[in-house]
Amino acid sequence: MKKLTDAVQKYEKLILDAERYIWKNPETGYKEYKTSKYMADTFRELGYDLVMAEGITGFYTVIDTGRPGPEVLVLGELDSIICPEHPESDPETGAVHSCGHNAQCAALVGVAAALKEPGVLDDLSGRIRLCAVPAEELLEIEYRNNLIKEGKIKYMGGKVEFLSRGYFDDVDIAFMLHTSNTYHSANGGVGCMAKSITYKGKASHAGGSPWNGKNALYAATCGLNAVNAIRETFKESDVIRVHPIITSGGSMVNAIPETATIESYVRGATFEAIESANKKVNQALCGAALSLGCNIDIADIPGYAPLYNNKDLLNLTKEAADIAIPEREFFHSEYFSSGSTDMGDLASVMPAVHPYAGGSKGTSHGNDYYIEDPVAACVDSAKLQVGMLYLLLSNGAKRAKDIIDNFEPKFPSKKAYLDYLDSLNRSGDRIEYTENSAIVNL
Ligand SMILES: [Zn+2]
Ligand SMILES: [Zn+2]
């Protein structure tokens, strides 16, 4: 393993330069043009041939050791979040890497550079796929929903999009290290459904003839209150989180708002819990529309699958950390996060793990988030990742093969999983008014 970690060390400057460049050029999901290009240029300079994602950002490359064995996918996420209050956010877009994905990309550069050093693959079998993946953060739902309508993407998250396109066919195991304040792992995290909601009323002069209008904004605020009123019906064990925002609520003050729009997630620990809570949320939202005689279009869009980290891979991560980066404390915590990631989608069909690398400080997604220790966040993260690859693929890839044999997938196949996701998709007006009644479709 030392050959590999030493190889990472050799590229410290390349890694740290990537961290700074990407921090200074934050871009949100499916818009990571500069970031994807920077990463692709860096990979090509290292001697890689790349498969670029068609029509969207991101790419992958496959390294073959020349000896038979399983294929391990290692990912780095390209996208930023939006937090205009952050002092170093992009003044135009408000984008900033307050989730530390810039450090993940830098670490992936380190992994890529190390794997090109002579002799490092000698002890390994099988293949390694390195992927710079777009769009992990689930935001700008309206923008992504439009990309879906235009046929440019099928899914909100970059990993499930890549999965559906066949970019991860032949992959047997997947992992990535997410940036955090400490080196640790958890059991997993909730999945989610994304929602794009439009209340539809009727415009009228707000002073002259408000009685002719139907106020979509008031319907939307009633909807939010109704959602708040059902929160105590959510079971703790289901870890349901519903956190809507109003994205528009009228265009001028002297007209009754004709439309009001809301984005939300419904998060939960299992798909069953998400579906059940989502139905209740729709009921609350529709009831509010009904009370004002408005209509409501709800687009239910599959977000991310609940993440259940593979136990064998959790053990392997800790083992690799103790050897590859002994000076960093790595701990496992038996918690289930209420945050979501599309690593959950990959973990639904293959053994996968999503541990955390330290080195950042402040609040994730907040205005005080920084990469405090880039060596910890990027260089040591790359060392841990090559350490994991070594444990998986050395010795004839025995560990990787055992993990694959032990794995019980949540879904029998990629197709079965994607078919399930597709079955969650629904959109359109939910209320049908007739003369003296209304039919509500939840
Ligand atoms: Zn995040
Ligand atoms: Zn993140």
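Order of appearance sets the numbers: ligands from 1, and atoms from 1 within every ligand.
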Return yes if a side-chain donor-acceptor contact under 3.5 Å exists between H354 and N309, otherwise no. no
Would you say the side chains of N181 and S360 form a donor-acceptor pair under 3.5 Å? yes
Looking at the Zn ion (ligand 1), is one of the N, O or S atoms of H101 less than 2.8 Å from it? no
Before accepting this row, confirm whether a basic side-chain N of the pair K410/D345 lies closer than 4.0 Å to the acidic partner's carboxylate O. no
Between R328 and D380, is there a salt bridge with N-O shorter than 4.0 Å? yes
The Zn ion (ligand 1) to E136: any N/O/S contact under 2.8 Å? no
Please name the atom of E137, restricted to N, O or S, that is closest to the Zn ion (ligand 1). OE2
Among the N/O/S atoms of H365, select the one at the shortest distance from the Zn ion (ligand 1) and name it. NE2
